[in-house]
Amino acid sequence: MLISSLKSLVATLAGVLMLALAGCSTPCDAPGRLCAPIESNTSAPPSPYRRAELPAPIPMSAPRASAPFETRPVEFPGDATAVGGRETRIGLMLPLRSQTLGAPAEALRAGFMAAYEHEREGFIVNLVDTGDSLQENLNAYAAAVEQNDIMVGPLARPAVSALAASALVRKPTIALNHPVALPSAAALPAQMLVIGLSIEDEARQVATWAGTEHPGGTALIIAGSSAWQRRIAASFAARWKQLGYSSQMLVVADSNGYLSEASLGQLSAQLDAAQPALLFTALDASQAGQVRGALGPELPIYGTSSVNPGTFAGAGADPGAVLTELNGLRLLDLPWEVDSAHPAVMAYPRWSGATARTLDMDRLYALGIDAFRVAREIALRPGADINLDGVTGRLSVRFGNGPARFERIEPAAVYEGGAFTLVPERR
């Protein structure tokens with residue numbers, strides 16, 4: 001009897017000791033826990049990130065003045081080797097369970113983890129996967145911000161907007177998209193930095209570039225009928241006007257991506273009447289090719305990344321094919337897409353996800369890489385101005401010292417024979 005009781009006591013103490021060594025009072029798959037990976041001598045490597053469970057609902061209507069919870073400091077293990085001798089915990093919040101955004105979120109996650117594996121010392125990534133519900137996103141953020149030093153996400157614009165309007169942003173938060181309908185960056189919480197890719201910003205940069213090459217010239221802006229094409233056309237026109245130059249705009253009709261003969265004829269007539277110095281095409285690559293085929297190669301033609309025909313299998317209707325009608329096309333895009341010799345581009349593996357590789361998925365992968373690199377720099381140099389030669393462009397960040405500021409300058413390139421030649425950087 002005594003021996004049996006002693007054996008039971010020894011077994012109980014052994015179980016408690018194992019949990020203590022694991023860093024948790026409950027097993028790591030218990031709801032709501034963010035447990036550190038257990039180191040062992042086995043050949044199986046620890047998971048590079050952990051998943052978080054969602055808490056009870058947080059009211060979406062919570063005003064900024066009073067948060068529905070109290071922020072607590074994160075406890076760090078004593079043997080970490082990062083900032084100030086402590087580990088930095090990054091919460092990566094993505095809509096991996098979304099039917100519409102699941103695949104883009106996975107591409108971004110893959111890029112983030114590729115960068116993390118490249119420079120992981122002193123950092124831990126906690127993965128917070130959500131769906132489409134705004135309430136779910138707020139709940140997930142509220143739980144994760146308690147357990148992490150820096151948050152990265154959300155990805156969907158409505159989720160970013162809901163978070164920006166809430167009282168929840170109390171720690172550095174790197175949003176992966178731009179909020180909807182906020183009047184200015186000043187309306188964002190002080191601890192929120194927005195680094196999403198913006199095709200409207202590309203259009204403004206193209207206008208500045210074209211203005212240096214054709215000062216005082218008239219621009220003919222050709223836009224398609226979709227909302228995104230009209231937005232970038234308006235962005236180019238506004239910047240062109242700001243530079244003191246004149247422009248004309250023509251919206252061309254299309255059917256399933258093909259421009260009508262009537263539209264191309266109207267474009268040719270307007271070209272003869274306006275005698276512009278350049279064309280700006282707020283179109284996709286196929287449509288830009290149709291315009292170039294109808295008008296000829298004499299007039300300089302500019303565009304954003306939307307006119308990039310791609311140079312790899314999976315990028316378009318005839319991937320990797322040389323689109324000779326676009327030879328001479330001048331465009332902006334990420335270094336990841338147009339500068340294979342860029343040092344940062346060469347440092348990371350290419351994306352090879354389960355879904356088809358497209359330019360949009362490829363860009364999200366690149367955004368994931370730079371998202372980790374920005375988070376890492378903010379952790380290592382809090383309050384300092386950060387200049388990063390990233391895979392999505394030349395990045396300038398000011399965070400933690402007055403209003404947050406983020407700028408991305410993308411490289412200019414000329415498409416020729418299925419490849420890109422970089423244009424000397426604009427200063």
Side-chain angles (χ1 to χ4, degrees), residues 82-83 88 90 92 107-123 125 150 152 172 174-178 185 193-206 208-209 212 304-305 308 311-312 330-351 359-401 404-415 419-427:
V83 184
T88 297
I90 302 175
L92 176 61
L108 200 148
R109 182 208 65 81
F112 193 93
M113 298 309 297
Y116 169 65
E117 291 295 342
H118 190 69
E119 295 179 292
R120 64 181 294 166
E121 183 179 358
F123 290 85
V125 174
I150 298 176
V152 177
I174 300 172
L176 299 168
N177 210 334
H178 295 262
L193 180 73
V194 174
I195 70 166
L197 302 175
S198 169
I199 200 166
E200 293 93 340
D201 190 50
E202 283 184 359
R204 289 185 284 268
Q205 290 184 41
V206 172
T208 301
W209 170 30
T212 63
T304 64
S305 60
N308 184 348
T311 57
F312 58 76
R330 305 172 83 76
L331 76 157
L332 291 185
D333 208 337
L334 313 185
W336 192 254
E337 305 301 338
V338 299
D339 187 6
S340 58
H342 188 287
V345 171
M346 293 190 295
Y348 301 99
R350 285 288 169 175
W351 180 59
L359 282 169
D360 285 341
M361 292 292 189
D362 215 42
R363 293 183 185 111
L364 285 169
Y365 178 88
L367 178 61
I369 292 173
D370 275 356
F372 174 80
R373 297 180 71 198
V374 169
R376 182 178 183 275
E377 289 298 314
I378 288 174
L380 293 174
R381 297 192 290 149
D385 287 353
I386 297 168
N387 295 296
L388 188 66
D389 200 5
V391 298
T392 64
R394 187 160 46 83
L395 311 181
S396 298
V397 179
R398 173 170 292 179
F399 190 77
N401 184 17
R405 183 182 63 83
F406 178 83
E407 182 182 36
R408 174 185 288 111
I409 302 297
E410 297 182 26
V414 179
Y415 178 85
F420 296 101
T421 301
L422 295 182
V423 175
E425 189 172 355
R426 309 167 310 285
R427 293 289 184 181

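Tyr348 meets the ring pair (Phe, Tyr, Trp, His ring centres under 6.0 Å) test with His118; sequence neighbours excluded. Scored by the side chain to side chain donor-acceptor pair (under 3.5 Å) test, Arg381 finds Glu377 as partners (sequence neighbours excluded).
Atom-to-atom distance recorded for Ile174:CD1 and Ile378:CD1 is 4.0 Å, nearest 0.5 angstrom. Taking CD from Glu410 and CG from Leu334, the interatomic distance works out to 5.0 Å, rounded to the nearest 0.5 Å. Rounded to the nearest 0.5 angstrom, Glu119 CD and Glu121 CD are separated by 10.5 Å. Atoms CG and OG, from Asp385 and Ser396 in turn, are 8.5 Å apart once rounded to the nearest 0.5 Å. Thr208 contributes atom OG1, which lies 9.5 Å from atom CG of Leu332 (distance to the nearest 0.5 angstrom). Note: Leu92 CG to Leu176 CG = 7.5 Å, rounded to the nearest 0.5 Å.
Of all heavy-atom pairs spanning Gly393 and Pro335, the tightest one is N-CD, 3.3 Å. Here the closest heavy-atom approach between residue Trp336 and residue Pro349 is recorded as CH2-O, 3.7 Å. Closest heavy-atom contact between His178 and Ser198: NE2-CB, 3.7 Å. Taking every heavy atom of both residues into account, Ile150 and Ala375 meet most closely at CD1-O, 3.5 Å. Here the closest heavy-atom approach between residue Ala110 and residue Tyr365 is recorded as C-CE1, 3.6 Å. When all heavy atoms of Pro172 and Phe399 are compared, the closest pair comes out as CB-CE2, 3.5 Å.
Residues Glu337 and Ser305 form no side-chain contact, since every pair of their non-hydrogen atoms from C-beta on lies 4.5 Å or further apart. Counting only heavy atoms from C-beta outward, the side chains of Val125 and Arg120 never approach each other to under 4.5 Å. Side-chain contact between Glu202 and Leu197 is absent, with no heavy atoms from C-beta onward closer than 4.5 Å.
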| message | Apply side chain to side chain contact (heavy atoms under 4.5 Å, CB included) to residues Arg350 and Asp362 and explain how you reach the verdict. | response | CA-CA 9 Å; Arg350 285 288 169 175; Asp362 215 42; 3.5 Å; yes
| When you look at Ile369 and Thr392, which way does the side chain to side chain contact (heavy atoms under 4.5 Å, CB included) test go after all the steps? | CA-CA 9 Å; Ile369 292 173; Thr392 64; over 6 Å; no
| said: Working note: Ile90 + Phe372, criterion side chain to side chain contact (heavy atoms under 4.5 Å, CB included); need CA distance, chi angles, decisive distance, verdict. | reply: CA-CA 9 Å; Ile90 302 175; Phe372 174 80; 3.9 Å; yes
| Under the side chain to side chain contact (heavy atoms under 4.5 Å, CB included) criterion, do Leu388 and Val374 qualify, and how do the steps go? | CA-CA 8 Å; Leu388 188 66; Val374 169; 4.2 Å; yes
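Distance alone, capped at 3.5 Å, is enough to place a donor-acceptor pair between the Asp370 side chain and the Val391 backbone. A donor-acceptor distance shorter than 3.5 angstrom exists from the side chain of Arg408 to the backbone of Ile195, with no hydrogens or angles considered.
The one candidate from Leu331, Leu422, Val423 that meets the side chain to side chain contact (heavy atoms under 4.5 Å, CB included) condition with Val414 is Val423.
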